[in-house]
There are 2 protein chains.
Amino acid sequence: MLSHTEENYIKCIYQLSENELTKQVSTNEIADNLETTPASVSDMLKKLTQKNLINYIKYKGVTLSEQGITEALKIIRKHRLWEVFLVKHLNFAWDEVHEVAEQLEHIKSVLLIQRLDEFLDFPKFDPHGDPIPSQDGTIPIVQQIPISEVNIGDHGTVTGVNDASKALLQYLDKVGIQLNSTIEIIDIISFDQSVEIKIDHQKTLFISQEIAKNIYITTI
Amino acid sequence: MLSHTEENYIKCIYQLSENELTKQVSTNEIADNLETTPASVSDMLKKLTQKNLINYIKYKGVTLSEQGITEALKIIRKHRLWEVFLVKHLNFAWDEVHEVAEQLEHIKSVLLIQRLDEFLDFPKFDPHGDPIPSQDGTIPIVQQIPISEVNIGDHGTVTGVNDASKALLQYLDKVGIQLNSTIEIIDIISFDQSVEIKIDHQKTLFISQEIAKNIYITTI
DNA sequence: AAAAATAATTAGATTAATCTAAAACATAAT
DNA sequence: ATTATGTTTTAGATTAATCTAATTATTTTT
């Protein structure tokens, strides 16, 4: 059984190497990310090595072991399911959920998470569009493309945003774009590459190329 | 800000003196309850005294201070709201909720609890019939009477059970008595004091005096 | 009221997680 | 290739929570 703190380290290492799990993560990166000192990280890395959760070579950085990845996915699954709950049922805004989910992800009960998953109707993505690992540790892979790279006439549903800044999330709220909104590409303005889209078969809207780059959709 | 452990001690002291908050709670009682040693309790009592959460006289036992009571009620409020959530929305049985609620009660977020309360439609009692303290620390008081002490023709709703044993809870499930079930007293058999009741205006049932003693109703 | 039994506290260690300061190692620059 | 810079680890302390064993209080029994 992992301690609260060990879980945080494992999750941190996972996230710092998410795009390529073979990437060597450095002590300083982890220290910055967890807002602690490199000395503390060094100590913890030794401990996690003992528990076979990481592959660690002194001065060379770490990667997660098989077992470490499994643990990381469990934590991330819990985190993202709770985020869905907070947003869908407790009316939290996209940008308010993180701190609370950080705490909820450490609750230990297999039954709880199974039931929560069921209650939420087995969501595949969290409110930021990040995929929710399944109980057996598989991650749904979808072909996500930024709106800036699709063609006129294409359509799909919003499955993610690239930039988690409040400004973008607040803009999206304002114009009525949510996770799972359907998007249809009406026109692409050749002058500035801004895009005219139709949201949920209702209103149309022009978005700048900059914004189009940061909204990901899954075309069907 | 209280640590996880400090919260557990405060809650324990509250529960051990719930019926009469001026009662001096002994070191051994606390140690038994928290499954720790008297030595550890002694240490913690010193710390809680420093933080003005308890009134503590060596060798004489403790009571909660004003501030301690306030903190205890916050924790109990969270615990009981989570229990309602688990039973009503995640289909946990009455007797499965405790362990998980023990963890959830330590999550720190005022907004979370406000929203959860709202989502649950401001319940006044948890699934065991225990009252849920309000945000400002007041506890709804109801006139709870065991079924064994009411008269023929009286009616009310189930607001609690005295014995939290699995056997009783499972029996109640089986015969269809739940929290908030309406109960009408049809007859009291003078021979053995067993009681004939009507549940939710539907089926009637005989229950033994022993069971009648352990089901509390609130007459209206 | 003294002895025996019980309860509570202190003393001294231990473990997990953390820190600062110093030393060891690796990389980049001249 | 030597120096300078930056990164990582170790050494030594600290804090919170816990324990066992020994000591001190209190209560009960005779």
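Letters go in sequence order (proteins before strands), and every chain restarts at 1.
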Participant: Between A/Thr36 and C/dT18, does any side-chain N or O lie under 4.0 Å from OP1 or OP2?
Facilitator: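 Indeed not, no polar side-chain atom of A/Thr36 lies that close.
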Participant: Just how far, in rounded Å, is P of D/dT7 from CD of A/Gln24?
Facilitator: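 From A/Gln24 CD to D/dT7 P: 17 Å.
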Participant: List, with names and distances, any nitrogen or oxygen atoms from the protein found under 3.5 Å away from nitrogen or oxygen atoms belonging to nucleotides 9-11 of chain C.
Facilitator:
residue: C/dT9; atom: OP1; partner: B/Tyr56; partner atom: OH; Å: 2.3
residue: C/dT9; atom: OP1; partner: B/Tyr59; partner atom: N; Å: 3.1
residue: C/dT9; atom: OP2; partner: B/Thr27; partner atom: OG1; Å: 2.9
residue: C/dT9; atom: OP2; partner: B/Ser42; partner atom: OG; Å: 2.6
residue: C/dT9; atom: OP2; partner: B/Tyr56; partner atom: OH; Å: 3.4
residue: C/dT9; atom: O5'; partner: B/Ser42; partner atom: OG; Å: 3.3
residue: C/dT9; atom: O4'; partner: B/Tyr59; partner atom: OH; Å: 3.4
residue: C/dT10; atom: OP1; partner: B/Lys58; partner atom: NZ; Å: 2.4
residue: C/dT10; atom: OP2; partner: B/Lys46; partner atom: NZ; Å: 3.0

Participant: Using the salt bridge (charged side-chain N to carboxylate O under 4.0 Å, His left out) criterion, which residues pair with A/Lys23? Sequence neighbours excluded.
Facilitator: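 Per chain and number, A/Lys23 pairs via salt bridge (charged side-chain N to carboxylate O under 4.0 Å, His left out) with A/Glu29.
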Participant: Can you name the side-chain contact (heavy atoms from CB on, under 4.5 Å) partners of A/Asp192, sequence neighbours left out?
Facilitator: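 For A/Asp192, the residues satisfying side-chain contact (heavy atoms from CB on, under 4.5 Å) (neighbours in sequence not counted) are A/Ile189, A/Ser194.
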Participant: Mind checking what makes salt bridge (charged side-chain N to carboxylate O under 4.0 Å, His left out) contact with A/Lys51, not counting sequence neighbours?
Facilitator: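 Partners of A/Lys51 by the salt bridge (charged side-chain N to carboxylate O under 4.0 Å, His left out) criterion, ordered by chain and then number, come out as A/Glu6.
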Participant: In this structure, how many angstroms lie between the P atom of C/dT15 and the CE atom of A/Met44, rounded?
Facilitator: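 My rounded result for the distance is 16 Å.
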Participant: Rounded off to whole Å, could you give me the CD1-to-C1' distance for the A/Ile30 and D/dT9 pair?
Facilitator: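 In whole Å, D/dT9 C1' and A/Ile30 CD1 are 14 Å from each other.
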Participant: Take A/Asp136 and A/Thr138 through the side chain to side chain donor-acceptor pair (under 3.5 Å) test and state the conclusion after the steps.
Facilitator: CA-CA 6 Å; A/Asp136 62 21; A/Thr138 54; 3.0 Å; yes
Participant: Salt bridge or not for B/Lys74 and B/Glu71, using N-O below 4.0 Å?
Facilitator: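 Result for this pair is yes, salt bridge flagged.
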Participant: Could you pull out all residues at least two apart from A/Pro133 that satisfy side-chain contact (heavy atoms from CB on, under 4.5 Å)?
Facilitator: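 A/Pro133 satisfies side-chain contact (heavy atoms from CB on, under 4.5 Å) with A/Leu73, A/Ile76, A/Arg77, A/Ile139 only.
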Participant: Could you tell me which residues satisfy salt bridge (charged side-chain N to carboxylate O under 4.0 Å, His left out) with A/Lys11, sequence neighbours excluded, listed by chain and number?
Facilitator: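 If we apply the salt bridge (charged side-chain N to carboxylate O under 4.0 Å, His left out) test to A/Lys11, skipping adjacent residues, the hits are A/Glu102, A/Glu105.
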Participant: Give the rounded distance in Å between these two atoms: CG of A/Leu2 and C1' of C/dA16.
Facilitator: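 These atoms are roughly 14 Å apart.
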Participant: Side-chain donor-acceptor contacts of residues 140-150 of chain A below 3.5 Å, not counting sequence neighbours, with atom names and distances?
Facilitator:
residue: A/Gln144; atom: NE2; partner: A/Thr159; partner atom: O; Å: 3.1
residue: A/Gln144; atom: NE2; partner: A/Thr159; partner atom: OG1; Å: 2.9

Participant: With sequence neighbours excluded, tell me which residues meet side-chain contact (heavy atoms from CB on, under 4.5 Å) with B/Glu96.
Facilitator: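 Scan of B/Glu96 (side-chain contact (heavy atoms from CB on, under 4.5 Å), adjacent residues dropped) gives A/Leu111, B/Phe92, B/Ala93.
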Participant: For B/His4, give me all partners under side-chain contact (heavy atoms from CB on, under 4.5 Å), at least two apart in sequence or on another chain.
Facilitator: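 In terms of side-chain contact (heavy atoms from CB on, under 4.5 Å), with neighbours along the sequence ignored, B/His4 is linked to B/Asn8, B/His106.
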Participant: Mind calculating the distance between CE (A/Met1) and C1' (C/dA16) to the nearest angstrom?
Facilitator: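 Going from CE in A/Met1 over to C1' in C/dA16 covers 16 Å.
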Participant: Specify the residues of residues 3-21 of chain B, ordered by number, for which at least one heavy atom lies under 4.0 angstrom from an atom of DNA chain D.
Facilitator: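 Only B/Ser3, B/Thr5, B/Tyr9 qualify.
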Participant: Give each protein N/O atom lying under 3.5 Å from an N/O atom of nucleotides 3-6 of chain D, with the pair distance.
Facilitator:
none

Participant: Output every pair passing side-chain hydrogen bond (donor to acceptor under 3.5 Å, both in side chains) with a member in residues 167-178 of chain A, not counting sequence neighbours, ordered by first then second residue.
Facilitator: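 Every candidate side-chain hydrogen bond (donor to acceptor under 3.5 Å, both in side chains) pair involving residues 167-178 of chain A fails, so no pair, neighbours aside, qualifies.
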